[in-house]
Asks: 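This is the structure I want to talk about, given as structure tokens.
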Protein chains: 2
Amino acid sequence: MATTAKASPRDRLLDAAAQLFYRDGVSIGVEALCRSAGVSKRSMYQLFESNDEMLAASLERRRAWYEAQLTPPDSASDTPRERILYVFRRLEQASAAPDYRGCPYLAVLVELKDTEHPASAVARDVKDHLESGFRTQAERGGARDPRLLARQLMLVFDGAGARAGARIETLADGLATGTVTALMDAAGMK
Amino acid sequence: MATTAKASPRDRLLDAAAQLFYRDGVSIGVEALCRSAGVSKRSMYQLFESNDEMLAASLERRRAWYEAQLTPPDSASDTPRERILYVFRRLEQASAAPDYRGCPYLAVLVELKDTEHPASAVARDVKDHLESGFRTQAERGGARDPRLLARQLMLVFDGAGARAGARIETLADGLATGTVTALMDAAGMK
DNA sequence: GAGTTGGGAAACCGATCGGTATACAGGGTG
DNA sequence: CACCCTGTATACCGATCGGTTTCCCAACTC
């Protein structure tokens with residue numbers, strides 16, 4: 001009946017990986033990972049080339065979900081400004097969860113200081129995609145310099161995520177949305 | 001003659017720690033650390049209680065230098081706005097160095113996801129101190145909500161540092177200073 | 001010269017790292 | 001039935017982890 005018990009080893013591995021890497025960092029270890037996923041190391045090493053590739057795959061797998069999380073359900077009615085604010089409202093909501101640890105993609109980039117790591121490439125991709133989404137809305141909204149505004153929004157997004165994740169800031173009072181509102185105003189966005 | 005060869009084991013250890021933790025992350029290991037410092041593990045463990053305390057001590061040691069780095073040489077002439085911009089100009093300059101890896105204190109908070117870790121407390125302290133410096137200047141500059149502006153500046157500071165350190169952003173064109181200028185303007189700061 | 005001390009070299013502890021190899025149990029297909 | 005294919009369990013590899021301990025030498029004090 002329930003499909004829950006029938007997840008493939010691959011899926012169980014990727015799900016456990018995403019969870020453990022996020023909660024405990026990238027240095028979790030193959031041993032703990034496989035134990036948590038209920039998969040033997042042998043199976044893992046014939047599904048993935050290495051631990052590094054596993055990490056990259058688990059990030060890639062979460063990507064669609066992560067981006068959907070930040071994308072407003074498209075009602076043609078909402079303005080570019082609204083669509084941008086939606087992203088930051090979601091960030092503020094997510095950061096309220098007790099197990100929030102910041103953006104997993106930024107965290108991976110910080111922890112793996114190696115820019116050549118396969119997982120770093122995935123993380124950069126996700127970041128670039130978000131930024132280009134901001135730029136698109138900035139253009140639609142008539143910002144004076146859409147690319148500049150998009151980069152500013154990314155500073156706020158990553159700064160807010162990191163600080164909330166590290167528990168040195170709380171976004172509960174609308175700090176992020178307030179800040180980006182000021183920046184969009186300053187950029188002449190309607 | 002040269003005092004360079006006479007650094008105490010403690011100092012050699014702390015300096016090597018600061019360097020290696022910054023370059024390679026907090027998972028460096030006691031072995032590599034002592035080798036790099038030219039100090040035996042025995043000496044290290046009678047100077048510090050544990051590896052964790054060592055990390056905290058090395059962060060604490062760098063603290064004065066780090067904060068001085070961001071503090072303008074006080075000429076009574078410069079405005080609060082100038083003093084804030086000075087911080088972000090220094091950030092932009094520092095981020096241009098090829099071995100720049102972002103703010104070491106934020107990195108530690110991200111890597112050690114444990115908020116109870118002794119090093120996390122040091123890092124939080126440094127961040128709080130910077131924020132309160134911003135607030136002081138915001139008050140002096142007549143910002144409508146000094147505390148809010150200070151928090152916004154911290155978002156930009158940490159976002160810019162993290163993104164530049166991860167090599168997904170370049171601050172060379174004045175992105176950070178431009179952004180905080182817009183925020184200070186919006187806050188009604190003179 | 002005798003005694004004390006600081007600190008480096010290195011062995012050692014059990015645990016874990018990433019990764020490999022061997023052995024075996026279950027399910028389909030002939 | 002035999003056959004193969006997945007996947008688990010497990011032992012194993014050399015290396016490293018944080019941390020402790022032993023040994024010994026060089027510099028200092030008396």
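Only a predicted model underlies this, so the values are computations on that prediction, with no experimental measurement involved. By convention in this document, chain letters (A, B, ...) are assigned in the order of the sequence lines, proteins followed by strands, and residues within each chain are numbered from 1.
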Asks: Mind listing the residues from residues 107-118 of chain A sitting with a heavy atom below 4.0 Å of DNA chain D? Number order is fine.
Replies: none
Asks: Which residues in residues 14-29 of chain A have a heavy atom closer than 4.0 Å to any atom of DNA chain D?
Replies: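 Going residue by residue through residues 14-29 of chain A, none turns out to have a heavy atom under 4.0 Å of DNA chain D.
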Asks: Looking at residues at least two apart in the chain, or sitting in another chain, which of them share a salt bridge (Lys or Arg N to Asp or Glu O under 4.0 Å) with A:Arg81?
Replies: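 Once residues adjacent in sequence are excluded, the partners of A:Arg81 under the salt bridge (Lys or Arg N to Asp or Glu O under 4.0 Å) criterion are A:Asp185.
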Asks: My understanding is that only residues two or more places apart in sequence, or in another chain, count here; which of them pass side-chain hydrogen bond (donor to acceptor under 3.5 Å, both in side chains) with B:Ser43?
Replies: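 Result, side-chain hydrogen bond (donor to acceptor under 3.5 Å, both in side chains) vs B:Ser43: B:Ser40.
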Asks: Once ring-ring contact (aromatic ring centres under 6.0 Å, His included) is applied, what residue pairs with a partner in residues 164-190 of chain B remain, sequence neighbours excluded?
Replies: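 As it turns out, there is no ring-ring contact (aromatic ring centres under 6.0 Å, His included) pair with a partner in residues 164-190 of chain B once direct neighbours are skipped.
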Asks: Please, which pairs that meet side-chain hydrogen bond (donor to acceptor under 3.5 Å, both in side chains) have at least one residue in residues 101-112 of chain A, sequence neighbours excluded?
Replies: A:Glu111-B:Lys113
Asks: Mind checking salt bridge (Lys or Arg N to Asp or Glu O under 4.0 Å) for B:Glu60 and listing every partner two or more places apart, or none if nothing turns up?
Replies: none
Asks: Could you pull out the protein-nucleic contacts involving nucleotides 7-15 of chain D (nitrogen or oxygen on both sides, under 3.5 Å)?
Replies:
residue	atom	partner	partner atom	Å
D:dT8	OP1	A:Gly38	O	3.3
D:dT8	OP2	A:Ser40	N	3.4
D:dT8	OP2	A:Ser43	OG	2.6

Asks: Just to verify, what does B:Asp125 make a salt bridge (Lys or Arg N to Asp or Glu O under 4.0 Å) with, not counting sequence neighbours?
Replies: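 B:Asp125 satisfies salt bridge (Lys or Arg N to Asp or Glu O under 4.0 Å) with B:Arg63 only.
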Asks: Whole Å only: how far is the CG atom of A:Leu33 from the P atom of C:dC17?
Replies: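 These atoms are roughly 10 Å apart.
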Asks: Show me the pairs that pass side-chain hydrogen bond (donor to acceptor under 3.5 Å, both in side chains) and involve residues 13-23 of chain A, at least two apart or across chains.
Replies: A:Asp15-A:Arg61
Asks: Any donor-acceptor pair under 3.5 Å linking the side-chain atoms of B:Gln93 with those of B:Arg89?
Replies: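 Looking only at side-chain atoms, B:Gln93 and B:Arg89 do not form any donor-acceptor pair under 3.5 Å.
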Asks: Which ring-ring contact (aromatic ring centres under 6.0 Å, His included) pairs, counting each pair once, include a residue from residues 135-179 of chain B, with sequence neighbours left out?
Replies: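 Residue pairs with at least one partner in residues 135-179 of chain B: B:Phe88-B:Phe157.
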Asks: Quick one: is C:dG19 close enough that its OP1 or OP2 comes under 4.0 Å of any side-chain N or O from A:Tyr45?
Replies: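 Yes, such a contact exists.
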Asks: Check the distance between C:dG7's P and B:Leu13's CG and give it to me in whole angstrom.
Replies: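 Whole-Å distance recorded here is 11 Å.
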Asks: Rounded to whole Å, how long is the line connecting atom CZ of B:Phe48 with atom P of D:dG18?
Replies: 15 Å
Asks: Partners of A:Asp173 by salt bridge (Lys or Arg N to Asp or Glu O under 4.0 Å), sequence neighbours excluded?
Replies: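 Listed in chain order: B:Arg151.
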